[in-house]
Structures are given as structure tokens and as C-alpha cells.
Trainee: 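Structure provided below as C-alpha cells; questions to follow.
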Amino acid sequence: MKKLLVIIICFCLVFILVSCCNKITPNEPYDMNDGVVLGEYKEMEFTICSYNIKGGEATIESVTKIKDNIESVSADIAGLQEVDNMSKRTGKKDFLSIFKNNSYLNNVTYFALDLQNFGDTYGLAEVSKTKFDKIHSFKLPYPYNYEKPAVEKRIIIRSLVTINGIQIAFYNTHLSYEEVTMDNGTSLRKAQFDYILELLNSDPSKYKVITGDFNVLNFSEYDTLLANGFKITNNSNKIYNTYRSDDSSFKAIDNIIYSDNLQLIFSDMLEDNCSDHNMLYAKFKTLK
């Protein structure tokens, strides 16, 4: 009888555990060729921004200032991280309407994830002066079979967007800060970088840019991409300490990564207290 009771209790505990947690499922197959336009070469310049807008503490005033900062550098497209759009913890404010209604960057895409134990969502956004040709999001590697509150789920957005007559593949992401490992012993962020490289290698687009808060501890974490033909704007030769808070010893965690057929014309950081991150931006020119 005792043995039966123990079995029933164990079964109930397992049932409760499974029902309270979301199972991590793989990405659905996706055709990376869909929407890609490979036109004739044209020299073209464009400006990119990456901005973590401090999810959970954003306000209408701070996001309006963030919009103004992005516009001040004549950005063509920007990747935003920690976007609490219409979330309960930011008072159900529609922050993205600031771009849709009051900016030339009025083409907006947004992908949100559940915040476990908060009953809320937050995620990533992209704002562009031209319409998106195609938009898709991919789940990044996660170290467990079921979602755990101690480790957030992460995604990456891939958009095709035509700027000044040339289509680019624009990616935006926010990698994990947790120092945990996958089953094979690989660090979680290394697994996420490996997956991003797989995406980039499968992408037939000619020009590729990736913005994001990468939560790296040093620049060597980019080696996976650097060894495969990609370059980073924020690097050991030109460091931008974009993270404004004091809870991390390495502050150059935001970056703009680009394919080697793009030439970096200039890059800079705009300092402002409207977020706990400063805006990173860069101007590029297409090469053959």
C-alpha cells in the first residue's frame, strides 16, 4: 500500500511539474530562400542602430527619447531589445505606436516571449523606414527540455528589407546572460552563436547584418562568427561600453555584426540616460 502511495505521489509531482512548465520544442522548418531578391550590384550606404530599451522600466518618455536618438543619426533600420510592448509590468503601454505614428521609422515588427512566473511577455522589435519584405523569428538553443524560471528563452528575428534599392538580411537578437551549459558541455551562449552561424550560412542573402545585446563576457565569444567571414563593430580596437549599469565588469555587450561584403564607414555610441544601455550605431556601404 505504501509503495502504491509513493508511486501515485511521484506521478502527481511529475504531472504538476510538466503541466506548470512549457516544453521546449524545436523550430519548424523554414525556407530561407523565400522572399530573397538577388539583384544586380549597386553601391549603397545605410545606417543601422542597436538599442536595448530597458524592459520593465521603459516609459512613454524614455521610448520617445529613444526614438529621437535613433532618428538623430538618420537610421534606416534599428534592432530593439527588451521591448515590453503592451505588457502589464509597464502599464500596457503601446510603445511601438511611438514609431508607427510619430516617426519615419514607421514599419515595425515585434516578437514576444512569455516571461515564466510573471504572466507577461517581452521581446524584440525592429523599426524601419521601408517595409519589410519578409519576417520570421527563430528560437535559440535552450539548455533544458522544459522552460525554467532561472533561464529565459531567447529568439532571433530575421527580416528581409530593401534599403535604397538593395535587399539586406537584418537580424536582431538578445542572447542569454546565464552561465549554464548544454547537455554536451557547450556553454549556452556558444550554442546560441553556433546556431546563429548556421542561420547565416543557410541564408542566401548577399548582405547580412546582426544587431543585439549579446551579453558576452569578452570579445573572444564572437570568434565563432569572426572565423567565418563576419566582422564586429564593437571590438577590442574600438570599444564601446554601451552598458551603463555597474552589475557587470564587461560593458561592451551590444554589437552590430556584418558580412565581409559590407564596408564599415563609421560607428559610434550615443550616450543617454533613457535606458541602462547606450545606443550603438554604424554606417555601411555595399561592396561587390
Side-chain angles (χ1 to χ4, degrees), residues 32 36 38 41-52 70 73-81 124 126 128 138 140 154 156-164 166-176 187 189-243 250-270 277-288:
M32 296 292 281
V36 173
L38 298 175
Y41 169 71
K42 173 186 173 184
E43 185 178 295
M44 180 270 288
E45 295 180 0
F46 61 100
T47 300
I48 298 284
C49 293
S50 184
Y51 218 148
N52 183 320
I70 296 171
V73 300
S74 301
D76 293 284
I77 191 168
L80 309 180
Q81 303 89 41
L124 303 172
E126 296 174 356
S128 171
F138 302 87
L140 292 179
R154 301 287 178 171
I156 184 168
I157 302 174
R158 181 255 200 174
S159 299
L160 299 176
V161 59
T162 300
I163 302 172
N164 300 327
I166 296 294
Q167 188 182 73
I168 67 166
F170 181 71
Y171 292 79
N172 181 37
T173 192
H174 188 180
L175 300 193
S176 297
S187 74
R189 266 196 313 281
K190 175 63 166 61
Q192 291 171 344
F193 272 116
D194 288 345
Y195 179 77
I196 290 172
L197 179 61
E198 287 180 22
L199 275 182
L200 294 171
N201 285 341
S202 68
D203 191 336
S205 304
K206 185 173 182 179
Y207 303 108
K208 303 165 189 176
V209 179
I210 310 98
T211 58
D213 175 351
F214 294 91
N215 274 316
V216 295
L217 299 180
N218 53 66
F219 289 120
S220 68
E221 292 196 51
Y222 293 105
D223 285 351
T224 298
L225 297 179
L226 295 175
N228 286 274
F230 291 89
K231 299 179 181 180
I232 54 176
T233 304
N234 194 356
N235 56 63
S236 57
N237 295 319
K238 195 168 188 179
I239 299 175
Y240 297 108
N241 288 316
T242 51
Y243 187 50
F250 190 75
K251 297 179 181 295
I253 61 177
D254 300 283
N255 222 319
I256 301 173
I257 305 169
Y258 57 102
S259 52
D260 61 4
N261 54 4
L262 291 171
Q263 177 186 335
L264 177 63
I265 299 174
F266 69 80
S267 59
D268 207 347
M269 177 179 75
L270 192 154
H277 290 245
N278 290 319
M279 183 182 81
L280 182 68
Y281 64 100
K283 188 170 187 175
F284 298 98
K285 181 172 73 173
T286 55
L287 302 175
K288 282 188 178 179

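Hydrogens, waters and symmetry mates play no part in the numbers below; they use all other heavy atoms, side chains included.
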Trainee: Any donor and acceptor pair, going by atom type alone, linking the side chain of Tyr240 with main-chain N or O of Asn255 inside 3.5 Å?
Mentor: no
Trainee: Would you mind reporting whether Val161 and Glu126 have side-chain heavy atoms less than 4.5 Å apart?
Mentor: no
Trainee: Tell me, do Lys206 and Val36 make a side-chain contact under 4.5 Å, heavy atoms counted?
Mentor: no
Trainee: Counting only heavy atoms not in Lys231 (residues, nucleotides, ligands), do more than 12 fall under 6.0 Å from its NZ?
Mentor: no
Trainee: Would you say the rings of Phe219 and Phe250 are close, in the sense that their centroids are separated by under 6.0 Å?
Mentor: yes
Trainee: With a 3.5 Å distance limit and no angle check, can you tell me whether Arg189 reaches the backbone of Ser176 through a side-chain donor-acceptor pair?
Mentor: yes
Trainee: For the pair Asn261 (side chain) and Leu287 (backbone), establish whether a donor and an acceptor sit closer than 3.5 Å, ignoring hydrogens and angles.
Mentor: no
Trainee: List the steps and the verdict of side-chain contact (heavy atoms from CB on, under 4.5 Å) for Gln192 and Thr173.
Mentor: CA-CA 10 Å; Gln192 291 171 344; Thr173 192; over 6 Å; no
Trainee: When you measure from the side chain of Thr286 to the backbone N and O of Lys42, does any donor-acceptor pair fall under 3.5 Å?
Mentor: yes
Trainee: When the ring planes of Phe214 and Phe193 are compared, do they come out parallel, tilted or perpendicular, using 30° and 60° as the limits?
Mentor: parallel
Trainee: Strictly distance-based, threshold 3.5 Å: is any side-chain N or O of Ser50 a donor or acceptor partner for the main-chain N or O of Gly212?
Mentor: yes
Trainee: Suppose we screen for ring pair (Phe, Tyr, Trp, His ring centres under 6.0 Å). Which residues come up paired with Tyr258, at least two apart in sequence or across chains?
Mentor: Phe284
Trainee: Tell me yes or no: between the side chains of Thr211 and Asn172, is some donor less than 3.5 Å from an acceptor?
Mentor: yes
Trainee: Is any side-chain heavy atom of Asn234 closer than 4.5 Å to a side-chain heavy atom of Tyr222?
Mentor: no
Trainee: Mind running salt bridge (charged side-chain N to carboxylate O under 4.0 Å, His left out) on Asp203 and Lys208 for me, showing each step along the way?
Mentor: CA-CA 9 Å; Asp203 191 336; Lys208 303 165 189 176; 5.1 Å; no
